[in-house]
Undergrad: 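Got a structure here, written out as structure tokens. Questions coming.
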2 protein chains.
Amino acid sequence: MAHECKVETALDILVGKWKPVILFHIFQKETLRFGELHRLVPDITKKMLTTQLRELEYHDIINRKVYAQVPPKVEYSITEYGKSLTPLLESMHQWGVSHIEHLDEIYGEDQMENNK
Amino acid sequence: MAHECKVETALDILVGKWKPVILFHIFQKETLRFGELHRLVPDITKKMLTTQLRELEYHDIINRKVYAQVPPKVEYSITEYGKSLTPLLESMHQWGVSHIEHLDEIYGEDQMENNK
DNA sequence: TGACATAGTATAAAAAAAGATACCTAGGGG
DNA sequence: CCCCTAGGTATCTTTTTTTATACTATGTCA
């Protein structure tokens, strides 16, 4: 009980079809409004975007700042704590890139995309 | 296009409710029979176990060795390539452990388990 | 007065993932 | 002959995620 596998804890924060790309943009720009983010990730629905952002907020990865004005303005930014994810995301990205190459070596690049 | 976010590629290999724990055991023992693994992860159904193992095999993370005998014997083991996941898993685990502490600091340990 | 803009909610439907259960294979032992 | 074993498949149902669509609030501008 004392020292189990907590890989899943990290996974929890990253899963959801959209979290990686959302994080990617928020990491890039430091601060983004809801609408800007939506424009950067156009295929996501507002509902999904909201859900994902709230989950990230719950985990203290991003910050939500509401301006009391009309029309509304809400800015999202990475938290200080959230920055601790950087090396992990970087490692995952690296591994991902080389894994794609590896799959390519094994199966050939012809039928990429139907991996998994 | 050339250099997007491949975090998802790494995620793909780890997601699925059971992959982390399956990998954990296979990493531990170096070689495990289907049934042994099933006993180590009793709550999974055979179908799920099979599915997850096949996906890991497809990605060249684990090896499946079938012995031509009756009753059947099939052994799973981590591949050489699969070992390249070790540092990543280790990092994820570390981050997970400290994240649990962090959530605890923020919300108190009273209502752990309903995180997310 | 009425349309516009932003950041959402609410509700329902569709799609994907996981679970439950039954069945198959073929050789060895009784 | 029949049953046992190990490692699966085949189907079907349930649960969880994701999507689609419509609707809301409220200052400001014309």
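Just so we're clear, the structure is a prediction, and the values are computed from it rather than from any experiment. Computation of the quantities below employed the complete heavy-atom set of this structure, encompassing side-chain atoms and omitting hydrogens, waters and symmetry-equivalent molecules. Sequence lines set the chain letters: A, B, ... in the order given, protein chains first and strands last, and positions in each chain run from 1.
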Undergrad: Starting from P on C/dT11, measure out to CE on A/M48 and report it in whole angstrom.
TA: 17 Å
Undergrad: Verify the neighbour count for atom CD of B/E80: are there more than 12 heavy atoms of other residues, nucleotides or ligands below 6.0 Å?
TA: no
Undergrad: CG of B/L37 versus P of D/dG8: gap in Å, rounded?
TA: 10 Å
Undergrad: Please indicate whether A/K73 has more than 12 foreign heavy atoms, meaning atoms of other residues, nucleotides or ligands, lying under 6.0 Å from its NZ.
TA: yes
Undergrad: Look only at the side chain of B/T79 and the backbone of B/D60, and say whether a donor-acceptor pair between them is shorter than 3.5 Å.
TA: yes
Undergrad: So which one's nearest nucleotide on DNA chain C is more toward 5', B/Q52 or A/F34?
TA: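 On the 5' side of the pair lies A/F34.
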Undergrad: To the nearest angstrom, how far is B/E36 atom CD from D/dG8 atom P?
TA: 13 Å
Undergrad: How many whole angstroms separate atom OH of B/Y76 from atom P of D/dG7?
TA: 9 Å
Undergrad: When the distance from CG of A/D12 to C1' of D/dT17 is rounded to whole Å, what number comes out?
TA: 14 Å
Undergrad: Please report, rounded to the nearest Å, how far the P atom of D/dT17 is from the CG atom of A/L49.
TA: 18 Å
Undergrad: Does OP1 or OP2 of D/dT9 have a side-chain N or O of B/R54 closer than 4.0 Å?
TA: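 B/R54 to D/dT9 OP1/OP2: side-chain N or O found under 4.0 Å.
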Undergrad: Whether A/R33 contacts C/dT6 is assessed here as follows: a side-chain N or O lying under 4.0 Å from the phosphate OP1 or OP2. Is that the case?
TA: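 It does not, given that no N or O in the side chain of A/R33 lies less than 4.0 Å from OP1 or OP2 of C/dT6.
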Undergrad: Do B/R64 and B/E75 sit within salt-bridge range, that is, some charged N less than 4.0 Å from a carboxylate O?
TA: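 No salt bridge links B/R64 with B/E75.
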Undergrad: Has A/K17 got a side-chain N or O lying under 4.0 Å from the OP1 or OP2 atom of D/dT19?
TA: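 For D/dT19, OP1/OP2 do have a side-chain N/O of A/K17 under 4.0 Å.
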Undergrad: Return the OG to CD1 distance between B/S84 and B/I61, rounded to the nearest 0.5 Å.
TA: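 Reported to 0.5 Å precision, the distance equals 6.0 Å.
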Undergrad: Rounded to the nearest Å, what distance is computed from the NZ atom of residue A/K46 to the C1' atom of nucleotide C/dT11?
TA: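 Value for this atom pair: 15 Å.
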Undergrad: Output the residues of residues 63-74 of chain B in contact with DNA chain D, where contact means a heavy atom of the residue under 4.0 Å from an atom of the strand; sort by number or write none.
TA: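 B/R64, B/P71, B/P72, B/K73, B/V74 - these, ordered by number, are the residues of the stretch whose heavy atoms sit under 4.0 Å from the strand.
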Undergrad: Among the candidates D/dG8, C/dG19, C/dT11, find the nucleotide nearest to the side-chain atoms of A/K47.
TA: C/dT11
Undergrad: Side chains of residues 34-43 of chain B: which donor-acceptor pairs under 3.5 Å do they make with residues two or more places apart or in other chains?
TA:
| residue | atom | partner | partner atom | Å |
| --- | --- | --- | --- | --- |
| B/E36 | OE1 | B/R33 | N | 2.7 |
| B/H38 | NE2 | B/I44 | O | 2.8 |

Undergrad: Could you tell me which residues satisfy ring pair (Phe, Tyr, Trp, His ring centres under 6.0 Å) with A/W95, sequence neighbours excluded, listed by chain and number?
TA: A/H99
Undergrad: A/H38 has an atom NE2; how far is it from atom P of D/dT19, in whole Å?
TA: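 After rounding, the gap between these two atoms is 11 Å.
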